[in-house]
Structures are given as C-alpha cells and as structure tokens.
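Just below is one structure, and these are the notes that go with it.
Fair warning: this is a prediction, and the values are worked out from it, not measured in the lab. Both backbone and side-chain heavy atoms feed into the values below; hydrogens, waters and symmetry mates do not.
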Number of protein chains: 2
Amino acid sequence: MPQDRAPTRIQKKNRAAILDAALNVFSAHGFRGATVDQIAAEAGLSKPNLLYYFPSKEAMHEALLAELLDTWLDPLRALDDQGEPLTELLAYVHRKLEMSRDYPRESRLFANEIVQGAPRIYQALSEDLKTLVDDKVALLEGWMAAGRIARVHPYHLLFSIWSLTQHYADFDVQVRAVLGNEDPFDGADVFLDTLYRRLLSPRPE
Amino acid sequence: MPQDRAPTRIQKKNRAAILDAALNVFSAHGFRGATVDQIAAEAGLSKPNLLYYFPSKEAMHEALLAELLDTWLDPLRALDDQGEPLTELLAYVHRKLEMSRDYPRESRLFANEIVQGAPRIYQALSEDLKTLVDDKVALLEGWMAAGRIARVHPYHLLFSIWSLTQHYADFDVQVRAVLGNEDPFDGADVFLDTLYRRLLSPRPE
DNA sequence: TAGCTATTTGACCAACTGGTCAAACTCACG
DNA sequence: CGTGAGTTTGACCAGTTGGTCAAATAGCTA
C-alpha cells in the first residue's frame, strides 16, 4: 500500500479515479451489489491495483461515506440565524434541491445506506447529524416563538425538506417514468417554493 | 416443483413463510445483498426446499414485487372524484403514512428497487403507475380549475405525498436517530395534515 | 544511467453463492 | 396399512467474489 508521506501525482490521480468509479458502482448497486472487479473496470485499473490503494472494498465505501456526510450537511450548517427566516429556509430548500440535481450519485449512495439500516454510518447519524440538527432546531424554535415563521414541528420540518428534495435524486427513475419528457427539477423548484411559503409564512394569531 | 393444482395445506403454509422471510431479507439487504441461504434460515426451511417452491431467487423477488405494486397503489386508486377534494387528499396522505408505519418492509423493498434504477420493475412504473397517475392528475386538475383546492403542479403534489410519507419507512433509522424516543408517526401525522391544509386550502383569486 | 522506490499485474486461493439431483421421508386416502 | 404423490434434504457443482503475493515494470533522483 502507498506510504503515508505526501501523495504522489500518480496516487492523487488514481485515488480520485477509484473513488469516482466506486461512487458510480456503489450508488447504483449498493455495497453488497457492487463488485471490486466492476469498480476496477470503471476506473480503468486492475483489481489488485485498487487494493494497492485501498486495503479493502469496505475501505472504499467508508472513504466515500465519510467525505459525503460532511458535504451533505453543509447546506444545513449554512442556515444563518442572522438572516430573514423564511428567506433562509427557502434558500436551504433550494440548495438541497440543487444538490439532488447535481450530485444524484451521492444522494443514492446515502439512500442505499440508510434504507438498509445504516449499518456503516449509524454512529455519525446519532452523533454528528443529531448534534447539528438539535442546534438548528433551536434556531427554528426561536423563529417560531418570535412569530417570524409559522409554528410547525421543527424536526418534521427538516425531515420534510430532506425527503422532498432527495426524492428527486433517489426516485429519479420513477419521477421521470411518470413525468415523461418534462424536466423534474424545474417543476420541483417552483412547487417547493410555493409549498414552504404557504406552510411557513407567519400567520395572524 | 409443486404441481399447479390447488395448493395443499403445506404449500400454502410454506409459500407464505418463504415470502415473509424473503421480504425481511430483500428489504433489509436489497436483491443482490440477499442470499437464498439467509432467506431459508429465516423461513426455517432448507435451501433446496425453497427452490422446490420457487424456481429461483429472482422468482421470489418478482412474486413480492408483483404483489406489492398493486397494494401500494390502492390508496391512490381510492381517491374519490365524488368526495370533498381537500378531505380526499388528506385521507390519502393519512392512508399512505399508515402504510409506512404498518408495512415498512414493503416500502423499503420498493425503495431498494427504485434507488437502484428499478431494473426489475421499470415497465410497471411506466405503464400501470403512469396510467393511474395520469388519470388522477386529471381529477386534481379538475378540482383546481373549479377552485376547490389551490393550484399547484399536480404531478409534484403526488410526488410530495409519496416522498413525505415513505420517508418515515425508508429513512426510519435516520428519523429515529435524530428524534430520540419520540414516536415519529404521531408528529408526522399532525405535521403532514397541517402542511397539506396550508398548501391546498382554496385561496381567494 | 544506476539503483531505489512506487506502481502494476497475472496467477492464485478460500469462501461463498445460486442452483441441481437422487435418495429419503411424510402424508393423504382408498 | 399400502401406495403413490407430495415434500425434504445432504452432497455436490460451477461460477463469482474479495483478497493475496511474488514477480515484473515504471518513475524518480543522485
């Protein structure tokens, strides 16, 4: 395996190629459904060569998930307690939908993992994710208490945003099968904007 | 393999046990991740005995999916053009959420299949599902044109219902990891009711 | 360019997988 | 209770899989 000195030019290139190929294969077939041979073929390398850069199939999957979870939570982290509440939330929804459009493989990698019970990522969910969510929920509750957005269950509000946006990546085949030629994301953007405006616009006592 | 006369007592019992075990295993690990041995163990039968009742692993999966898709669409079929629009839609949402709570394995079986590109069910999506959806969308458009519910993109309205309700089955681990001890479905029921009331209540011109 | 390190691979292995099959066992019914 | 159909299984097989390893090759630097 490569030494842990500074990575060489070749190491950088090959690691990146492997992770990209692994993302393709894992997101399309799940961990168990993916084969190292398939990833090797997609990366244009031999199987033993993959295992020269990563000690095991599991390690490739872990590397992807670790990198992913962080990126995935960025939009939520960016929710700004100084901003205008409704604007902030609509921007969050918009940004999450953008990620479903631009990084569907990442979304499906995550979906595969969660649907199957999060066997390799549960700890991160109940620690990192929960901590961040609890923090942002406090912010939402503050906004609701001040009457700046309508009062709804803050956790379910976040669940709804995840669910509604990731659906367009994870269930892409179904959405397109039903929608025909129409672009799903154009319609979704308008729809979600309307939905959250109506749900969250401050309402008289 | 069993003859195609009327199924015997033993056939009925074993087929049911196998399908139940297969649902457990397929929904938890995906098609590729499931093994026949695992299903056999869960069903309390030997592997060759499973293959006496079903010609292949594939056949077990197909049997489950075929049965599922029908059940899965029942709540949408039940949307009644004679009913009060908002009531009908809220009842649909409620019924779908109920299915997520009572049949999470079925939901995850379906999710596994779709996330991975629906390789074994695509045709049913683009035929049966699309036909039914197009039909119900016409109904929704009628209600919107008559001002009986607010105007939104009808396809995305249906997507949102699927997404928001199935999320509680498919992403159950994540939801519970974030929510702690609170029951997800109690909160979800109230939240979704509020959401769709605000989204769909008829609004002045 | 010599010599050392980093990279690559063909050949291989043990474990596992879906599936087969003949032989054994169990059951319903006359 | 005998008999034929229905049911069950141990032993087996060929293909696939994740992973190893020694030997070969390419790259870098003195």
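Partners of A:Asp20 by salt bridge (charged side-chain N to carboxylate O under 4.0 Å, His left out), not counting sequence neighbours, listed by chain and number: A:Arg105. Under the side chain to side chain contact (heavy atoms under 4.5 Å, CB included) criterion, B:Asp37 pairs with B:Thr35, B:Lys47, sequence neighbours left out. Residues passing the salt bridge (charged side-chain N to carboxylate O under 4.0 Å, His left out) test with A:Arg32: none are found, sequence neighbours excluded. For B:Asp193, the salt bridge (charged side-chain N to carboxylate O under 4.0 Å, His left out) partners two or more places apart in sequence, or in a different chain, are B:Arg197. With sequence neighbours excluded, no residue forms a salt bridge (charged side-chain N to carboxylate O under 4.0 Å, His left out) with A:Glu141. Residues passing the side chain to side chain contact (heavy atoms under 4.5 Å, CB included) test with B:Asp183 are B:Phe185, B:Asp186, sequence neighbours excluded. Under the rule for a side chain to side chain contact (heavy atoms under 4.5 Å, CB included), the partners of B:Pro85 that lie at least two apart in sequence or sit in another chain are B:Trp143, B:Arg148, B:Ile149.
Atom CZ in A:Phe54 sits roughly 16 Å away from atom C1' in D:dG19 (whole-Å rounding). Spacing between atom CG of B:Leu51 and atom C1' of C:dT17 amounts to 11 Å, rounded to whole angstrom units.
Listed by residue number, A:Arg32 are the residues of residues 31-41 of chain A with a heavy-atom contact under 4.0 Å to DNA chain C. Within residues 42-49 of chain A, the residues having any heavy atom under 4.0 Å from DNA chain C are, by residue number, A:Ser46, A:Pro48, A:Asn49.
In this structure, B:Arg176 is not positioned above the aromatic face of B:Tyr168 in the sense of NZ or CZ being under 6.0 Å from the six-membered ring centre and within 45° of the axis.
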Heteroatom pairs (N/O) under 3.5 angstrom, protein to nucleotides 24-30 of chain D:
residue, atom, partner, partner atom, Å
D:dC28, OP1, A:Arg9, NH2, 3.3

Output side-chain donor-acceptor pairs under 3.5 Å for residues 58-66 of chain A, partner residues at least two apart or in another chain, one line each.
residue, atom, partner, partner atom, Å
A:Glu58, OE2, A:Arg120, NH1, 3.2

For residues 86-93 of chain A, run the donor-acceptor check on the side chains, cut-off 3.5 Å, and write out each pair with its distance to 0.1 Å, sequence neighbours left out.
residue, atom, partner, partner atom, Å
A:Thr87, OG1, A:Glu84, OE1, 2.8
A:Glu88, OE1, A:Asp80, N, 2.9
A:Tyr92, OH, A:Trp162, NE1, 2.9

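At least one side-chain nitrogen or oxygen of B:Gln11 sits closer than 4.0 Å to the OP1 or OP2 atom of D:dT7. Between A:Tyr52 and D:dT20, a side-chain N or O to OP1/OP2 separation shorter than 4.0 Å is absent.
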